[in-house]
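One structure is given below, encoded as structure tokens.
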Amino acid sequence: MSGFPILSLMLLVPLAAALACLYLDAKSARTVALLATLANLALGVVLWLNFDVGGAQWQFQERHELFSGFSYALGIDGIALLLIELSVFLMPICIGASWNSIEKRVGEYMAAFLLVETLMIGVFAAQDLFLFYMFFEAGLIPMYLIIGIWGGADRIYASYKFFLYTLLGSVLMLVAMLWMVHTAGTTFIPTLMTYDFDPQVQTWLWLAFFASFAVKMPMWPVHTWLPAAHVQAPTAGSVILAGVLLKMGGYGFIRFSLPMFPEASAYFAPLVWGLSMAAVVITSLIALVQDDMKKLIAYSSVAHMAVVTIGLFAFNPQGLEGSMLVMLSHGLVSGALFLCVGIIYDRLHTREISRYGGLAINMPRYALFFLLFTMASIGLPGTSGFVGEFLSLGGIYQASSWTALICTTGIILGAAYMLYLYRRVVFGDQKNADAAAMADLDLREYLMVIPLGLAVLWMGVYPESFIAPMRADIAALDARLARAKPEGDAKLAMGKEKPAHEEAAAHEGAH
Amino acid sequence: MDWSQSLRLIAPEETLSVASLVLLLVAAWGGDKAAKLISVLAVAALVAAGILVAPALCGGAMGAETSAFFGQYRADAFASYAKILIYLSAAVSLVVAPAYFDRFKAMRAEYPVLVLLASIGMGMMVSATDLLTLYIGLEMNSLAAYVLAAFLRTDGRSAEAGLKYFVLGALASGILLFGMSLTYGFAGTTSFAGISASMAQGLSNGALFGIVFVFAGLAFKISAVPFHMWTPDVYEGAPTPVTTLFATAPKVAAMALTMRVAIEAFGDQAAAWQQIVVFAALASIVVGALGAIGQTNIKRLMAYSSINNVGFMLVGLAVATPQGVSAMLFYLAIYVAMSAGGFAVILMMKDADGNPVEELAKMAGLSRTRPGLALALAMVMFSLAGIPPMFGFWGKFLVFKAAVDGGMIALAAIGFAASVIGAFYYLKVVKVVYFDEPADVVKGESDVWHKLILVLSCVFISPLGFLLTKWLGHLSETAAAALYSGL
């Protein structure tokens, strides 16, 4: 497989399809979009099968000196691989979710989505700092159009907020990037990842990157664009926003902030912990009182992303692996939850929780899948949510037990708001005749929720498949962070093994 | 240095002068019926002049052998770069004119001749290495431009634009002349090399005043804040093809002229004018962005956008390094393409009767009725806002890279942050065009030449433009090196 530009091909397929969709009528645009995303999914599978676990750190590298100032350099490690897989997995589902619900300007809609796919893959595959920035920023344009054209009532406000908020964060990052390139003399990300910047300057650089990634993530208190954008975006827009776009923030931390500025990361770790603690508690409480289903899930996303950030800034392999798994799991689960909301929204055209009730009676199969994803969101053992959250919290416990304590309340609060939501929508009496008359899942919807459900269970039961590709990269990152690692308050020490007779005596005493 | 070599060096200006005089005679005898023929010949003359200046740019001409008329004039790679952009912009404004003026039965034979005369003046501006050459070139361009602004004689707003441009332009020329006379008084010479040599000895208060007034006069010409007030009125009132010219060629000429004056004449005292330029840059970025938000007329909006973009370009000048100059030159090339594309869209927006549509509200929902036009407009807007992967991003990127490499990190950070304010009104246009319900006003047929200009500029500002970064980057670096070789 070496030498074959598979990453470029994965960028090209959706791009070509996007251009084609602009000129096609509604029906063929849907088909072309679906075929293109499925083709990319197939390429993604090929990519994963050919990824040499335990091999070179950077694989599938491509490099062409096409431009002055930066180069077209692609290449992935295990971390990028998994996020690319998540993107290509969710895309056909997004296209499926908008199959019937989008009626106006279908060609442009599909083109915007395919463009988003190209840019997301580009973000994860870029090995050049400025190439990364371009993909990272360019995603704003199609998402702005998706929210603004096909969103709900307050779409224009939401689209402005989304665009300007994230743009402000990113331009500061660009200034920092310019400085880094000026100092290090290269735009090649793997080289920059091992370049030691002056710890004094790292502080400023870290803050500039933080301004961008914290908004993208989003972290409390700069999360307010997210509920606005989510509520107004069409279902597929929400799926892709929650599923993949939010992961760009986490990816940014793990690819740039941590390896490039280890000292500054350690210095600011308490800040991140504090914001994450606040986020978990505050946004979970906000989620508890929402009347709008999408807003509730949007706030729960902020809480889950906070679990990602504490894992990242735990400075140990458990935390890092855990946060990666939370990102992947949240991509699947929140995407699936938005899809579940979309399924009933398509039927009743309201997201008001009180308009539903007793769906278990007329939509039992829907209720089953909704339950699975609800449990996965809570983090029930056996689902994907559990593995990531457990590792992440276990990681932070070694660094700061208070943070671990407060963030763990998020699990309890998460159970509260998700179960409360589930009870109000699915259980109880059938209060409204129109909600009671809704039909159960059809074939198209099965085709969307079944793969998601299987993936959630797979990740919950055998997470090794997902941890294996990134293990070496996480270990390398951990080694890079070792010199700046803050001293944890857990003071973990291996206990001395007690002599056998003493133990026996103790047992006897208990009898 | 003999006369024959000097005359050889000004071949492009000679070509254009002869062409404009001959065409004026053709116009006198042929009347307005010959207007289109004259336009074609004028474009041919501009192309010929462009071909004549190209070797100097490609060959990287610089140094003493490019100096003509005893140091009053210089035909180096820097001037050639600017001239090619100027001739290109002038040609665009000629190509788009007939379809517009025909509607008002105002396609007069003088239009192409005036554009040619303005181009000669602009060519002299960018080649001037003496304050007097500079002033003659500037006035030659300005006098032609005043007439062009008022070209629609029956239209009140056009006449108003011409008058405003004239009064304020004359004021600016006065300020510039005052600055020049102070500089001459304290430096004892009008040649840039002489001024530079004199200022290397130290800067007296009088000379400092001279620098300030010269910069104030030039800021008028490039419409930098706080001397920008005339821009929106003139842009709005002037006929759209003329506005296309104003937004492109004179901006290039005045910007290149400012660079040459700043670097070649005042380069040794960069610290004296850097703060002026930093202020003008940041003020232009902010005022250009804030002023545009309330606009309802797309031509006024483009005027504020040009103020905003001038601010970004000035960041490159504020750094005062070859890298900064080369970044500005690259930005100018992209800016010309963005403006040409933007005004081509404006020219193509006509209602069912063929009247031009300039109100933002009437463009609502354009994407539903004219998807291609709307896409082009959105590309121009995102490019002007500097959002990657549009090519407009690269211009901003280069000037801020120059600022960071030159150690002016605070300027870069503030400038970039202020660019977010600007993004708001560009987004507003995209919002009106894509999100709002169709007003269904734009129905008129588009002229094929407008389409051609639009397609060419859109291809240039699309991500495909990045493939040109090596080539254009090389040219702009050559030009910047030529500018610095005179020191």
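Chain identifiers are assigned alphabetically (A, B, ...) following the order of the sequence lines, protein sequences preceding nucleic acid strands; residue numbering begins at 1 within each chain.
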(message) Less than 4.5 Å apart, side chain to side chain, heavy atoms only: is that true for B/Arg368 and A/Arg105?
(response) yes
(message) Does any backbone or side-chain atom of B/Trp394 lie under 4.5 Å from a heavy atom of chain A? Answer side chain, backbone, both or neither.
(response) side chain
(request) List the atom of B/Pro389, the atom of A/Ile141, and the distance in Å for their closest heavy-atom pair. (result) CD-CD1, 4.4 Å
(request) Measure across B/Thr469 and A/Leu66 and return the closest heavy-atom pair with its distance rounded to 0.1 Å. (result) OG1-O, 4.5 Å
(request) Compare every heavy atom of A/Glu137 with every heavy atom of B/Ile387, then report the nearest pair and how far apart it is. (result) CG2-O, 4.3 Å
(message) Counting heavy-atom pairs under 4.5 Å with chain A, which one of B/Pro388, B/Ala413, B/Ala403 comes out on top?
(response) B/Pro388
Side-chain donor/acceptor pairs under 3.5 Å, residues 417-433 of chain B, sequence neighbours excluded:
residue  : atom : partner  : partner atom : Å
B/Ser419 : OG   : B/Phe416 : O            : 2.5
B/Tyr426 : OH   : B/Ser305 : OG           : 3.0
B/Lys428 : NZ   : B/Ile293 : O            : 2.7

(message) According to side-chain hydrogen bond (donor to acceptor under 3.5 Å, both in side chains), who are the partners of B/Glu359, at least two apart in sequence or on a separate chain?
(response) none
(message) Is A/Leu119 close to chain B through its backbone or its side chain, or both, or neither, when contacts mean heavy atoms under 4.5 Å?
(response) neither
(message) Out of A/Phe130, A/Phe163, A/Tyr133, return the one with the most heavy atom pairs under 4.5 angstrom to chain B.
(response) A/Phe163
(request) Taking all non-hydrogen atoms of both residues into account, name the closest pair between B/Tyr434 and A/Glu108 and its distance. (result) CE2-OE1, 4.0 Å
(message) On a heavy-atom basis, which atom in A/Met134 and which in B/Phe466 lie closest, and how many Å separate them?
(response) CE-CE2, 3.5 Å
